[in-house]
Amino acid sequence: MNDRESIFPFGTLLALLVPFILMLFLGMYSLPVCFNMAIGMGTTRRRMLPAFIGISLLQYFLGAGMVYLCCLLEKWIFRIAYAGIENELDMQTVFQWKYIVPACIALAAWNTWMGAVYMKYEKKAFLFFWVLWMTIFIGGFRINRMLEKQYDHPFLRIYVKVAEWFREFPESAVLPAIVLISAVLIAVSYRILCRQQVQSHSGNR
């Protein structure tokens, strides 16, 4: 055991990351269901998309609120069960409106774009997102292990330089950029949905 003991909020971290990762790659399936149901019942695309995004944002805000409550509960448990032991990471600093709002907007825009692309290209889009997911998951794990072992590789040097370049961007520029990119994704999604037909078991119409 180390001379200096510390604790880490794994509970809050898992409560935040697991739903985020699932929604990041599985949330695309909600748009086709809502689109086919809404348009099939006579709703226009111009009304359907804002409603879908609004409901998605509401769900994400509620989810963030539930994770924040878990964070407070975990901190309360730490204060009682591990009084005097240092907490390595204060997750409560993440739950600020300046972070929550852009993150929820970006997640809603990403899922909307993924859903629109999936509806247009179907199996090809699924294959692309599956490859992207495996690349990020497996590739990120291997890169992390190589960095821990301090391998000297040209790819790792490029990766470190790019990561340092992104870290140099100020927060005041990154957060508005996320919102702007989200708006572009939503606009592209709307263009795709304008030409998308309703899909049913009996065929397209």
[X] [atom1] to [Y] [atom2] distance, which is reported to the nearest 0.5 Å:
| X | Y | atom1 | atom2 | answer |
| --- | --- | --- | --- | --- |
| Thr12 | Asp90 | OG1 | CG | 9.5 Å |
| Met114 | Ser189 | CE | OG | 11.0 Å |
| Thr112 | Phe52 | OG1 | CZ | 5.0 Å |
| Glu74 | Asn87 | CD | CG | 8.0 Å |
| Ser172 | Lys98 | OG | NZ | 10.0 Å |

Identified side chain to side chain contact (heavy atoms under 4.5 Å, CB included) counterpart of Val67 within the set Val94, Ile100, Leu16
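Among the candidates, only Leu16 passes.
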Counting C-beta onward and ignoring hydrogens, is there a side-chain heavy-atom pair between [X] and [Y] closer than 4.5 Å?
| X | Y | result |
| --- | --- | --- |
| Ile178 | Ile105 | no |
| Asn111 | Leu107 | yes |
| Leu69 | Leu73 | no |

Under 3.5 Å donor-acceptor, Arg195 side chain and Lys120 backbone:
no
Any idea how Phe10 and Phe8 line up, ring-wise: parallel (<30°), tilted (30 to 60°), or perpendicular (>60°)?
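Ring orientation of Phe10 relative to Phe8: tilted.
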Is there a path of hydrophobic side-chain contacts, each under 4.5 Å between heavy atoms of I/L/V/M/F/W/Y residues, joining Leu185 to Tyr121?
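Same hydrophobic cluster.
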Run through Phe35, Tyr29, Trp130 and flag the one making a ring pair (Phe, Tyr, Trp, His ring centres under 6.0 Å) with Tyr118.
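Going through the options one by one, the only one that passes is Tyr29.
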For Phe128, which residues count as a ring-ring contact (aromatic ring centres under 6.0 Å, His included) partner, sequence neighbours excluded?
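Counting only residues at least two positions away or on another chain, Phe128 forms no ring-ring contact (aromatic ring centres under 6.0 Å, His included).
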